[in-house]
Every structure is written in C-alpha cells, then in structure tokens.
Amino acid sequence: MSPAACRPVHLRCEYFENPLGIDEPHPQLGWWLDSEHRRGARQTAYQIFVSSEPAGTPDLWDSGKVPSDASTHIVYAGRPLRSRQRVWWRVKVWDERGHPIESTESAWWEMGLLERSDWKAQWIGGTLTGGRWTSVPAPYLRRTFFVGARVAHARVYATALGVYEARLNGQRLGSMQLAPGWTDYRKRVAYQTFDITPLLVVGDNTLGAILGDGWYCGHVAWRGRQMYGDRPKLLAQIVIDYLDGRSEVIGTDSTWKFAYGPLLESDLLMGESYDARLEFPGWDRPGFEDRGWLPARSGNGNGVSLDALRAPPVRALHEFRARPLAAVPRRRNRTVFRYDFGQNLVGRVRLRVKGAAGTTITLRHAEMLEPDGRLYCANLRTARATDHYTLRGEASGEIFEPRFTFHGFRYLELEIDGADVTIEEVTGVALHSDLPLTGEFSCSDPLVNQLQRNIQWSQRGNFLAVPTDCPQRDERLGWTGDAQVFVRTAAFNMDVAGFLNHWLQSLADAQTAQGTIPAVVPATDDLHADGGPAWADAAAICPWTVYLSSGDRRVLERCFATGARYIDEVRATNPDFIRRKTAHGFEGYGDWLALDESNKTDGGTPKDLIGTAFFAESARLVAAMAEVLGKKSEAKTYAALANAVRRTFHRKFFTPDGSLTVPTQTACVLALQFDLAPAKLRSRVAACLVEDIERRGWRLSTGFIGTGYLPHVLAATGHLEVAYKLLLQKQCPSWLYPVTQGATTIWERWDGWTPERGFQDPGMNSFNHYAFGAIGAWLYAVVAGIEIDPGAPGYKHVRLQPQPGGGIASARARLASPHGEISSAWRTNPFRFDWEVTVPANTTAAARIPVPPNARMTECGKPFNRAPGVSRIARTKDSITCELAAGRYRITAEWTKKRAQNNNDSR
Ligand code: BGC
C-alpha cells in the first residue's frame with residue numbers, strides 16, 4: 001500500500017465551511033491536509049479551481065500550480081463576483097514527494113447582497129414605542145406572496161434593528177438566536193441569508209417575522225431602554241429565481257401587516273412575558289385571516305450600513321436537565337419549585353407544562369442560592385431576569401421557551417399562580433455564539449480540570465454576539481479590558497477569529513474622532529469614551545492575538561489604522577511618555593479588582609505605571625503590525641516610540657538601586673511581561689515578585705491586569721514552581737478557591753463568596769466573568785506546552801514545550817489549529833517522561849523536552865536520534881531540544897537518579 005497521501009480536507013472560506021451570503025469580494029480560502037500523520041507530510045504546491053457550476057470547469061479562477069506551502073488565508077484572485085453568486089471550489093495539492101491529490105469535498109460559497117441598490121426593501125415595524133423604562137409587546141409581521149412557477153433557488157436576506165425570528169410557511173428560518181447580534185446600529189447592522197428553496201410551494205406562501213427589542217431598543221446595562229431607537233424594525237427581502245430564468249424580489253414595505261400578540265414583553269435583561277391565550281395559530285402560513293392586522297409602518301434605516309454577518313451566529317447549543325431542590329412550603333394559591341441545573345449557564349429555560357388556561361408561571365433565575373435556599377438575586381442589580389408564561393390550557397400540554405432574552409443562572413425558581421399545573425419537564429438551554437471548540441486541556445488534577453471547564457463555560461456565556469464582561473446583571477457590555485485580558489485564552493479554547501474580526505469592526509466604529517477607544521464596544525453614550533490603560537489597549541492587543549493564533553494577516557490590514565491612530569492619540573495626550581490621564585481626564589480603571597493593600601477595586605498599582613506599561617506594549621504591537629504589513633517607516637516610528645516609553649518607564653518607576661518604586665505583584669508582572677525592566681534587573685524584579693507571593697502565603701494579589709501574565713512571567717524567569725504553587729493554591733485568593741466552593745464558571749472577584757463574609761458587595765459580584773480565567777492560556781502553552789511561534793503565526797511552526805511541575809503527573813491538550821490538530825500529552829514520574837505529540841501535516845515544530853540532557857531517549861521504541869522527522873537534536877542544561885516534522889510521535893525519556901544528579905552537579 002502506498003503511504004497516505006496529503007489530501008486537502010476541511011475546506012474553509014472566510015473561517016466557515018460553505019458560507020451562505022458573504023460580502024467579502026476577495027474571500028480567503030484555506031484547508032487542512034489529511035496525511036494520516038505521515039512523518040514529514042508537507043505541501044509543496046497548490047492549485048485552486050473556482051467555477052460557477054458544481055464540478056464545472058474553473059471559469060472563475062484557476063490559480064495555476066503555485067509552488068507554495070501556504071494552506072490558509074489564500075486570497076481569491078479570480079473574476080469579480082456578483083451579488084448572490086454561488087461558486088464551487090476545489091483544491092489540488094502536491095506533497096513533498098510531488099504526489100498530486102485533490103479535495104473530494106464539494107465546497108462552495110455564496111455571495112450576499114454586495115450593493116446597497118440590491119436592497120429593494122424598507123425598514124418596517126409596529127407602532128408602539130414604550131419609553132425609557134416601559135416596554136411594549138413585540139410586533140408580529142407577515143406578508144403572503146404568490147409563487148407562480150417552479151423555483152430554481154430562493155433566498156431570504158433579513159436583518160433587524162432589534163432581534164428577530166423569521167418564519168416561512170410555518171417554519172422557523174435557520175437556527176440562529178438573537179440575530180443579528182449587537183453592533184453600533186447607528187453605523188452598521190449585520191444581515192443574514194437563508195436558503196428557502198425547499199420551503200416554497202407553487203401557490204401562496206407566507207413570510208413572517210417576530211421582532212424583539214434586543215440591544216436596539218431594549219434595556220442595555222443600567223441606562224434604560226431605547227439606546228438606538230424607539231421600536232424594533234425589520235428589513236427583509238425574498239429573492240426568487242425561477243427555473244424559467246425570471247427573478248422576483250419581494251421586500252418589506254407597508255403592504256406587510258402587523259399585530260401585537262402573545263409576546264407581551266421581551267427584553268434581554270428583564271425577561272419575557274408570554275400569554276399563550278393571545279396566540280394566533282397559523283399567522284405564519286398562508287390562509288390566515290389577517291383582516292384585523294394593521295399595515296406595517298415603513299421607513300428608512302437612516303443610512304445604516306448593511307454587512308453580511310462575519311461571525312458565527314448565536315445558537316442554542318447545550319441542554320441541562322433540572323434537578324429539583326427541596327420543596328418550598330405552599331402558600332395559599334402559590335406553589336414554588338426550585339431547581340438546580342448543575343451549571344452556571346447563559347440562556348433560558350424550556351418548560352413543558354400542563355394546566356388550566358390563564359394560569360401564570362413565573363420563572364426567576366439566579367446564579368447562587370442564599371444560605372436559606374432562596375435565590376440570590378441581589379447581584380443582578382436591576383436586571384429582573386424573570387419570565388412569565390400564561391397557559392392557554394392545552395389538554396396535551398404546552399411548551400414555553402423564551403425567544404428574545406437570556407439570563408445567566410444556575411438556579412431557577414418557578415412560581416405557579418393557580419391550582420393544578422403539572423410541570424413535565426424543565427430544561428436549561430445554553431446559548432452562545434456558535435464558535436467551534438478548538439481546545440481541550442486536562443491533567444491529573446481534577447480541580448484544575450474543573451477550572452478549565454469553568455473557563456470554557458465563562459467563555460461560552462460571555463461570547464454571546466459580542467465579548468461581554470458578564471451575562472447576568474444589568475451590564476453585559478463589551479468591556480474592552482476584559483476582552484483584551486482573556487483573548488489569548490479565548491483563542492485556545494475556540495476558533496474566535498470570525499467572532500473577533502466582527503467585534504474589532506465594532507471597535508473601529510467606536511473609535512472617537514480624537515482616536516480614543518471607549519471602555520465598552522459597541523460604545524454606549526454614558527461610559528468612558530476613552531477606556532484608558534489596558535481597556536483601550538484592546539485596539540492593539542486583540543488584533544495582534546487574533547493574527548498570531550489564526551495567521552490571518554488581513555485582520556492586521558483592517559485594524560492597523562485604528563491601532564496606529566489610537567497610539568498617536570496616547571502619545572499626543574502624554575508627550576512626556578508617562579501616561580497619566582486620558583484626553584478626558586480619566587486615569588483608567590487600574591488593576592481592577594486586585595487585592596492589594598489598598599483593597600479598593602483598582603488595587604495598589606499606580607495607574608500611571610500601568611498606563612505607561614501598556615503604552616509601551618501597544619506601541620510595540622503597532623510597530624509589529626506595521627512590520628508584518630510591510631509598512632517600514634511606520635514600523636520604525638512606533639518601535640522607536642515603544643523604546644522611548646520603555647526607557648521612560650525605567651526612569652520613572654525604578655529607584656536608582658534598581659527596584660520598582662511600588663513593587664506590587666502587578667507592577668513586577670508588567671515590567672517583566674512587557675520587557676520594561678532592563679535585562680540586568682529582571683531577576684531582581686522576579687525575586688521581588690516571588691517574595692511578595694511568599695509573604696502572602698503563596699498567594700497572588702493581582703487584579704484583571706496582572707493575573708493573566710503572572711504565571712507566564714514566573715515560568716519565564718525561572719520560577720516555574722511558584723507558578724504551580726499559585727495554580728494549585730486553594731485558599732482565597734486563588735484560581736482554585738472558587739472551584740473548591742463548587743463554582744462552575746469563573747467568578748468576577750477572587751472573594752465573590754467566602755465562608756467568613758458570605759457574598760461580596762452585590763453592587764458588583766458576578767459569578768460568570770471570564771477575566772480571571774486568563775490562566776487558561778498558561779495551561780495550554782506552559783503546562784501542556786502548545787505555544788505559538790510569533791515568526792510563523794497560525795501555528796505554521798509550533799513551539800512544543802511542556803513544563804511539568806507542581807506534582808502534576810500528567811497533562812494533555814489538543815488544539816484544532818488553522819493547519820489541523822496539534823496535541824501534546826505527557827506523563828511523568830521522577831525518572832521518566834512520556835510524551836505523545838502531534839504536529840499537523842504541512843507544519844513543523846520546535847520541541848523542548850524537559851528532561852536531563854543525558855536522559856535515554858526513544859521514539860516509538862527506537863533510538864531518538866534515528867527517528868524519522870526528528871532533526872537538530874541539542875542538549876541544553878535542563879532539556880533536550882529538536883525540530884519535528886509533521887507527524888505523530890511517541891517519545892520516552894528515562895534517566896537514573898545518578899544521571900539526574902550528575903546533571904545537576906554539572907550545572
Ligand atoms: C465590569 C468589568 C469592567 C469594569 C471596568 C465592571 O463593571 O464588569 O468587567 O472591566 O467594570 O472597570
């Protein structure tokens with residue numbers, strides 16, 4: 001049998017498999033190579049064929065044979081594509097032996113509406129508006145249209161200012177929830193494309209939509225309703241291509257009709273009220289009597305730009321069965337049940353119930369319980385997080401699941417107002433942006449595994465349309481600082497590139513004329529227009545991290561101008577390079593929620609120190625972006641600026657004898673992580689950091705800013721065991737303390753709840769906040785050892801360098817990288833290290849094996865130095881390094897005590 005070929009699989013266009021309705025005129029294409037782990041499998045050339053017919057000739061683009069090992073982000077360079085055009089593509093690759101092989105998947109993509117003039121629809125909605133604090137029912141909209149001939153294909157293009165659910169002939173279109181998500185609706189809104197070909201019939205058809213307030217006119221944070229507009233609006237158009245070659249467009253306009261029905265209130269923060277007695281069965285099908293419905297109000301969208309959705313939509317993705325908690329005594333006519341879903345999740349509850357018409361069930365949600373078993377709702381602040389369902393009295397039972405709201409909860413209280421109701425099923429439904437899970441990490445310590453699960457659940461719950469701080473209280477905002485500190489971890493856990501590209505567009509939209517970046521994105525008008533240090537720096541840190549983890553240079557092309565303008569503004573406002581204040585006089589949030597001496601929310605690390613550190617780092621990143629983009633002079637300017645700020649940092653924040661002026665843990669961490677301590681002072685700063693940690697009983701005192709970097713700088717400065725001590729610490733404050741308290745997500749505060757003090761300040765005490773979950777990147781990159789080589793982003797060349805410690809006996813991680821699956825799994829005992837690694841086809845890796853240099857090494861039982869794919873073996877004082885070609889390796893290192901001892905002696 002001939003050795004496995006290198007077949008291109010998992011063909012992607014703009015991060016998606018077969019995307020429907022994109023508006024990128026030059027989409028980027030990519031694939032994995034499946035070589036069944038053949039050693040050294042590599043692509044030496046590719047040829048892409050794009051045709052206007054399935055399996056047709058490449059009439060749109062034949063790239064020709066391109067001698068190249070590139071297999072991601074290849075820019076389509078064929079004939080210009082039209083609106084609504086579907087194209088099919090395949091790719092042929094040549095491997096390192098010159099063998100050609102073609103993809104067998106029939107991949108395609110379809111363009112959306114590229115020109116504004118393609119839209120033949122008006123924005124429509126109902127008439128009720130409510131007010132800043134008063135909600136109104138959700139309008140139902142419908143229109144029946146006639147299909148007079150056989151259809152070749154048909155699409156619906158739709159979006160809302162608000163959130164919507166579209167329905168055709170009684171069926172829901174697509175599985176997306178809370179579409180179109182949240183953008184600054186004054187500037188842009190994303191539209192969705194649905195293939196309705198199989199749903200249409202010859203004769204009458206009905207398109208319907210339900211409109212919720214969403215972020216557009218519902219409550220956002222604590223500021224009340226109607227941030228962007230007074231009532232929700234729909235924009236939709238049906239485009240039918242008939243088999244006879246004719247096309248027809250039916251857009252929303254005032255011929256549509258609307259009515260208010262069962263959905264009495266629907267708000268993201270407050271909840272949903274639904275009276276099933278007010279339903280109008282069949283409203284979304286032809287033949288429904290809509291004489292009582294009113295003509296929809298139509299208007300324009302004030303020039304809002306319409307973009308095809310670039311991010312995966314929100315979907316309902318996981319279900320949890322409820323576990324009933326102890327019965328609550330019945331009071332008069334009210335019955336109360338409480339449930340535990342076993343997971344702090346973000347979404348809503350689906351109920352299956354049977355009972356008398358008119359009975360109302362109230363659903364209250366909470367993340368925690370009070371000591372007496374009641375729901376702890378104080379931390380929700382003004383978010384009511386309460387749904388109401390009034391039964392229509394269906395003998396066979398009825399199902400309620402809210403549509404346009406989400407809650408952050410683990411516990412549920414059902415209050416039944418009436419007599420006989422049978423609760424047949426209570427299911428928790430988790431919603432989040434449907435990002436593919438790319439990372440898995442586990443190790444021999446079950447508490448650390450729970451921590452990893454908690455990090456992933458906090459990411460799910462807070463990656464809902466935009467990256468948010470928390471999903472439960474009246475906040476749920478796209479805090480730039482939180483996104484920035486978590487982005488590296490996020491990019492390990494999930495394929496975040498599309499999601500963050502989309503959000504980074506909102507970040508660019510939010511940049512002020514002066515160049516500042518707000519504290520939250522999409523921006524709200526009552527929060528800082530300049531987020532200040534570490535918040536505004538998301539403008540540099542997020543694109544750079546997305547670039548490193550995806551290898552997508554285009555993210556830098558899109559974000560460079562925003563980053564550069566931002567740094568120019570910081571420089572102009574802080575001419576002496578010490579970043580004291582923002583243009584608006586705001587000093588920044590500091591090391592948010594640090595437990596330093598001052599014990600205030602912003603910790604004890606001086607704000608100008610944090611500001612100057614981030615100024616240097618962002619200037620460096622903007623220089624790096626310029627470098628990648630080939631902007632030589634900008635690269636020089638920003639690199640020089642970064643150096644000048646670095647020198648200033650040293651002058652201002654170090655004493656003449658070489659210590660930090662305020663040596664908080666975060667100050668030490670920033671100086672080390674951002675390379676602000678001159679080389680000769682690094683070990684001293686690290687020692688000072690370790691002393692502080694030890695003085696606190698091996699505990700950290702960092703807040704949002706220092707925490708994510710802390711274990712990295714410890715490992716990088718020779719204090720790996722201290723990092724493990726912090727990781728494994730169970731006393732508060734620590735990562736594992738909440739785990740020991742039964743946490744299933746990451747808490748906002750280290751001490752959100754303690755046995756001594758109970759709950760922290762309810763004014764700010766979320767139990768699902770991912771910022772402190774930034775330790776996740778360390779688990780992947782240091783414990784398991786899968787790290788990016790910045791010189792070859794997107795894991796084209798991987799660094800595989802596990803650093804075991806802390807008595808952990810084994811760890812494994814897997815990462816579905818842009819080139820395929822990377823894995824690292826190790827097991828160790830005092831004289832042996834077993835390591836299984838996978839280097840995907842068409843990539844290479846630099847491995848560092850943490851064993852004594854004289855360890856006896858084998859690979860798949862054979863001498864290591866003769867293992868195929870292993871080259872450049874070198875022995876350093878505490879490891880063996882080598883290069884690995886693509887493939888799967890089973891490496892074993894063994895040594896005797898004496899050998900290890902000799903090794904130590906010889907150092
Ligand atoms: C949010 C944060 C945010 C912070 C800014 C809080 O209310 O929950 O996570 O970064 O404010 O200081």
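Computed from heavy atoms alone, side chains included, the values below leave out hydrogens, waters and symmetry copies. Counting starts at 1 for both ligands and their atoms, following the listed order. We're numbering straight along the sequence, starting at 1.
- Of the options Trp592, Tyr770, Phe704, Trp222, the smallest heavy-atom separation from atom 4 (C) of ligand 1 is shown by Trp592.
- Summary of contacts: the protein heavy atom closest to atom 12 (O) of ligand 1 is Tyr589 CD2, 2.9 Å.
- The nearest protein atom to atom 11 (O) of ligand 1, hydrogens excluded, is given as Trp479 CZ2, 3.6 Å; this is a heavy-atom distance.
- Side chain of Glu569 to backbone of Thr516: no donor-acceptor contact under 3.5 angstrom is found.
- One side chain, Asp692 or Gln665, offers a donor N or O that lies under 3.5 Å from an acceptor on the other.
- Distances shorter than 4.0 angstrom occur between a heavy atom of Arg473 and an atom of ligand 1.
- Of all the atoms in ligand 1, the ones that sit under 4.0 Å from a non-hydrogen atom of Glu748 are 8 (O).
- A distance-only check finds a donor-acceptor pair linking the side chain of Asp469 to the backbone of Leu477 [under 3.5 Å].
- Nearest protein neighbour of atom 7 (O) of ligand 1, counting heavy atoms only, is Glu475 OE2, 2.7 Å.
- Remark: side-chain polar atoms of Thr405 are paired, donor with acceptor, to backbone N or O of Asp267 under 3.5 angstrom.
- Between the side chains of Gln177 and Arg348, at least one donor N or O lies within less than 3.5 Å of an accepting N or O.
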For this session: In sequence, state the C-alpha distance, the side-chain angles, and the governing distance for Asp576 and Lys652, and then conclude on salt bridge (charged side-chain N to carboxylate O under 4.0 Å, His left out).
Result: CA-CA 11 Å; Asp576 63 356; Lys652 163 90 184 175; over 6 Å; no
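- The shortest N/O to N/O separation between His769 and ligand 1 falls below 3.5 Å.
- Counting protein heavy atoms only, atom 10 (O) of ligand 1 is closest to Asp482 OD1, 2.5 Å.
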